[in-house]
Q: 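Below you will find the structure I want to go over with you.
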Amino acid sequence: MVEGPGCTLNGEKLRSRVKKGQKVKEIRGGGLKTTNDAFRCFLGCQFTHVQTLGKELFMYFGPRALRIHFGMNGSLRINAAERRDRTGSAPVLEIRLTDDTVRFFDSTVEIRLTEDCEQRVEATESLDLCSSRFSASRCERAVRSQGGRMLCDVLLDQAVMPGVGNIIKNEALFDSGLHPAVKVRQLTDEQIRHVVKMTRDFTLLFYKCRKSGSPLHKHFKVYKRPRCGRCSHATTACRLGDNGRMTYLCESCQSGDPSTLDVSKLPVRNPLIGWAGGGSGADAAVAREEEEDWACRLCTLVNRPAASACDACLTPRPAGEPNTPPSHSDAAAPSSTPLIRYPCNAFRKPPEAPRVNWRSAFGTSTLVLSDLSEKPKPINPLPLSSADSRSNSLAAERGLYNYGVCQGTTSPNSASGGESPASCGQPSKKMRMDHSPAPSSGAADGGLHSRSAAPRCASHRRPAVLRVVHKDGENKGRRFYACSLPTGTRCNFFEWADLHFPLCHHGRRCLMRTVLKLGPNNGRNFYTCGSARGKQCGFFQWAADGPGV
């Protein structure tokens with residue numbers, strides 16, 4: 001699902017790359033319920049501006065507007081040479097302007113009146129978690145008015161919190177320490193304020209990761225995780241709420257009784273995320289100028305924020321930078337400025353260690369570049385015998401352990417126990433020594449194949465990836481192995497992963513499903529008939545407990 005942060009970034013992309021005042025030369029839709037004749041009213045109209053509200057994006061063309069909802073996998077492309085996305089699907093809407101072309105994929109498009117859309121955005125903008133005009137007090141009142149509903153339903157209600165999706169819902173409730181089935185009337189004012197704050201905080205984290213290109217899944221604590229990221233307790237996956245949306249929770253960290261919850265003792269996920277409810281508005285989520293990396297004007301080296309002079313040429317840091325944030329008056333217009341002007345430095349991609357493979361030049365030896373500016377962490381050695389300590393002292397006198405730089409060879413005694421001295425010189429270097437899959441003991445238990453038992457494709461000799469058939473037909477829901485390379489480079493490797501599953505009364509291969517109801521059997525796998533509802537034969541069998549796929 002493209003949640004509020006993704007829709008907000010799509011709006012910023014349109015504002016920055018598509019000029020206003022361009023006229024519509026051609027507009028057509030493919031796969032939409034609205035016919036192409038209905039879009040003729042946009043021909044010749046000028047593109048004026050763009051607004052976002054939660055998961056909705058509005059493009060204004062004079063008296064009429066287009067309302068776009070990106071759904072689960074929606075996207076947009078501006079001035080792209082290809083007319084298809086990475087999945088090969090055609091655009092559902094294509095707008096050709098005077099200078100630019102905008103295409104929307106896997107989205108829902110509706111024609112609205114500009115006046116109605118602008119009034120709706122103005123009336124609900126303060127509830128939008130992705131808006132710089134977000135009002136925490138109004139959001140708290142909106143949540144408090146839903147007294148008889150469960151928290152998992154209130155957070156997904158776009159009339160209460162526009163922009164919240166299933167990811168934000170699960171992670172925000174985990175940070176709040178509350179069970180998703182808790183009713184709003186059971187909460188105190190302090191707990192409601194904390195729920196709103198945690199939801200806003202994770203939304204900003206979502207936005208920062210998407211804006212800077214950092215992986216968001218590294219911040220997940222319970223969403224699609226088998227174990228809690230905080231206490232390592234097994235997570236619970238179930239369907240809760242009026243719509244039965246998928247919910248992930250940790251019964252150890254999330255309390256079902258709010259009266260026993262102390263908000264002040266809850267752990268904080270990330271102190272770098274600012275809270276915009278203290279009267280500072282959007283500036284609380286904006287990194288200050290002194291917190292940003294700065295580039296030297298002489299040698300163009302990018303230096304750390306705390307550096308007062310360039311590390312390369314020792315040029316003093318200039319007093320005024322050209323990329324200073326705009327004034328507060330400019331930030332008051334969220335429709336034309338991004339939500340966060342300077343992403344926090346904590347969310348940038350971590351630097352990768354330099355790796356050079358010279359196998360073709362030096363045979364089996366490998367050159368490892370070590371950063372000698374950082375001191376290696378001290379390693380507590382195991383107690384050695386008198387003979388071992390004597391040999392180590394002789395080796396130290398001969399200078400064999402100088403600087404801790406590893407050679408590309410290993411001692412023949414390194415496999416007998418412990419770690420060789422050469423491998424201790426670079427503790428941060430991760431070297432994969434064995435590429436063969438580890439032996440699995442769960443292949444004969446009747447359960448699923450383990451990950452290590454995945455077959456290898458014949459062309460690339462790489463472990464295959466497990467996939468599920470989503471195409472309608474008799475094989476829908478079945479699992480199979482395919483090449484793990486991306487589209488365009490993968491081979492035609494295919495192998496069913498459920499050949500050891502039992503057959504139902506129809507003689508067809510069963511499907512494996514998971515119990516999602518809360519109870520003692522939650523999370524257990526079972527075999528059932530793969531036919532559609534109403535045509536199932538009633539076959540049921542518990543799957544043997546074993547390693548998952």
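The structure presented is a predicted model; accordingly, all values stated were derived computationally and were not measured. Hydrogens, waters and symmetry mates are skipped; everything else that's a heavy atom, side chains included, is used. Residue numbers start at 1 and run along the sequence shown.
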Q: Would you find a donor on one side and an acceptor on the other, under 3.5 Å apart, between the side chain of Arg225 and the backbone of Phe220?
A: yes

Q: Working to the nearest 0.5 angstrom, can you tell me the gap between Cys130 SG and Lys55 NZ?
A: 10.5 Å

Q: Mind checking whether Leu261 and Ser176 have side chains closer than 4.5 Å, heavy atoms only?
A: no

Q: For side chain to side chain contact (heavy atoms under 4.5 Å, CB included), just list the numbers for Leu240 and His179, CA-CA rounded to whole Å, side-chain angles, deciding distance to a tenth of an Å, and then say yes or no.
A: CA-CA 11 Å; Leu240 288 178; His179 195 281; 4.3 Å; yes

Q: Are the side chains of Arg64 and Cys45 in contact, using a 4.5 Å heavy-atom criterion?
A: no

Q: Quick one: sort the Phe42 and Phe39 rings into parallel, tilted or perpendicular, breaks at 30° and 60°.
A: tilted

Q: Is the number of heavy atoms from other residues, nucleotides or ligands under 6.0 Å of Glu115 CD greater than 12?
A: no

Q: Using 30° and 60° as the class limits, which term best fits the ring planes of Phe70 and Phe104: parallel, tilted or perpendicular?
A: tilted

Q: Any heavy-atom pair between the side chains of Glu118 and His49 that's under 4.5 Å?
A: yes

Q: Starting at CG of Asp128, measure out to CD of Gln158 and round the result to the nearest 0.5 Å.
A: 9.0 Å

Q: What are the two closest non-hydrogen atoms of Cys483 and Cys457, and how far apart are they?
A: SG-SG, 4.1 Å

Q: Measure the shortest side-chain to side-chain distance between Arg77 and Phe105 over non-hydrogen atoms and say whether it is less than 4.5 angstrom.
A: yes

Q: Measuring from atom CG of Leu113 to atom OH of Tyr60, what distance do you get when rounded to the nearest 0.5 angstrom?
A: 11.0 Å

Q: Does a side-chain heavy-atom distance below 4.5 Å link Met246 with Arg239?
A: yes

Q: Find out whether Leu66 and Ile111 are in side-chain contact, i.e. whether some heavy atom of one side chain is under 4.5 Å from a heavy atom of the other.
A: yes

Q: Just verifying a value: how many Å separate Glu12 CD and Lys211 NZ, rounded to the nearest 0.5 Å?
A: 4.5 Å

Q: Is the number of heavy atoms from other residues, nucleotides or ligands within 6.0 Å of CD (Glu26) greater than 12?
A: yes

Q: Side-chain donor-acceptor pair under 3.5 Å between Gln22 and Asp100, yes or no?
A: yes

Q: Grab the two heavy atoms, one from Gly62 and one from Thr48, that are nearest each other, plus how far apart they are.
A: N-CG2, 4.1 Å

Q: Would you mind checking if Asp189 and Arg144 are paired as a salt bridge, meaning a charged N to carboxylate O distance below 4.0 Å?
A: yes

Q: Hey, could you give me the CG/OG distance between Leu266 and Ser255, rounded to the nearest 0.5 Å?
A: 10.0 Å

Q: Do Thr235 and Lys224 have side-chain N/O donor and acceptor atoms under 3.5 Å apart?
A: no

Q: Indicate the atoms forming the closest heavy-atom contact of Asn170 with Val222, along with that distance.
A: O-CG2, 4.0 Å

Q: Specify the closest pair of heavy atoms between Asp311 and Ala307, including all atoms of both residues, with the distance to one decimal.
A: OD1-CB, 4.5 Å

Q: Taking the side chain as every heavy atom from C-beta outward, state whether Cys231 and Cys250 have any atom pair closer than 4.5 Å.
A: yes

Q: Inspect the surroundings of CZ in Arg490 and state if more than 12 heavy atoms from other residues, nucleotides or ligands are less than 6.0 Å away.
A: yes

Q: What do you reckon, is CG of Asp262 surrounded by more than 12 foreign heavy atoms closer than 6.0 Å?
A: yes

Q: At what distance, to the nearest 0.5 angstrom, does CD of Glu110 lie from CD of Glu56?
A: 8.5 Å

Q: Any idea which heavy atoms bring Arg103 and Arg96 closest together, and the distance?
A: NH2-NH2, 3.9 Å

Q: Minimum heavy-atom separation for Met150 to Pro180, with atom names?
A: CB-O, 3.8 Å

Q: Using side chain to side chain contact (heavy atoms under 4.5 Å, CB included), reason through Asp175 and Asp201 one step at a time and then give a plain yes or no.
A: CA-CA 10 Å; Asp175 294 339; Asp201 282 356; over 6 Å; no

Q: What verdict does the side chain to side chain contact (heavy atoms under 4.5 Å, CB included) test give for Glu94 and Thr101, after you've listed the backbone C-alpha separation in whole Å, the side-chain angles of each residue and the deciding distance to 0.1 Å?
A: CA-CA 7 Å; Glu94 182 176 347; Thr101 301; 4.1 Å; yes

Q: Is there a side-chain contact between Arg112 and Arg120 (heavy atoms, below 4.5 Å)?
A: yes

Q: Start with the C-alpha gap between Thr188 and Val263, add the side-chain angles, then the distance that decides, and say whether side chain to side chain contact (heavy atoms under 4.5 Å, CB included) holds.
A: CA-CA 10 Å; Thr188 61; Val263 174; over 6 Å; no

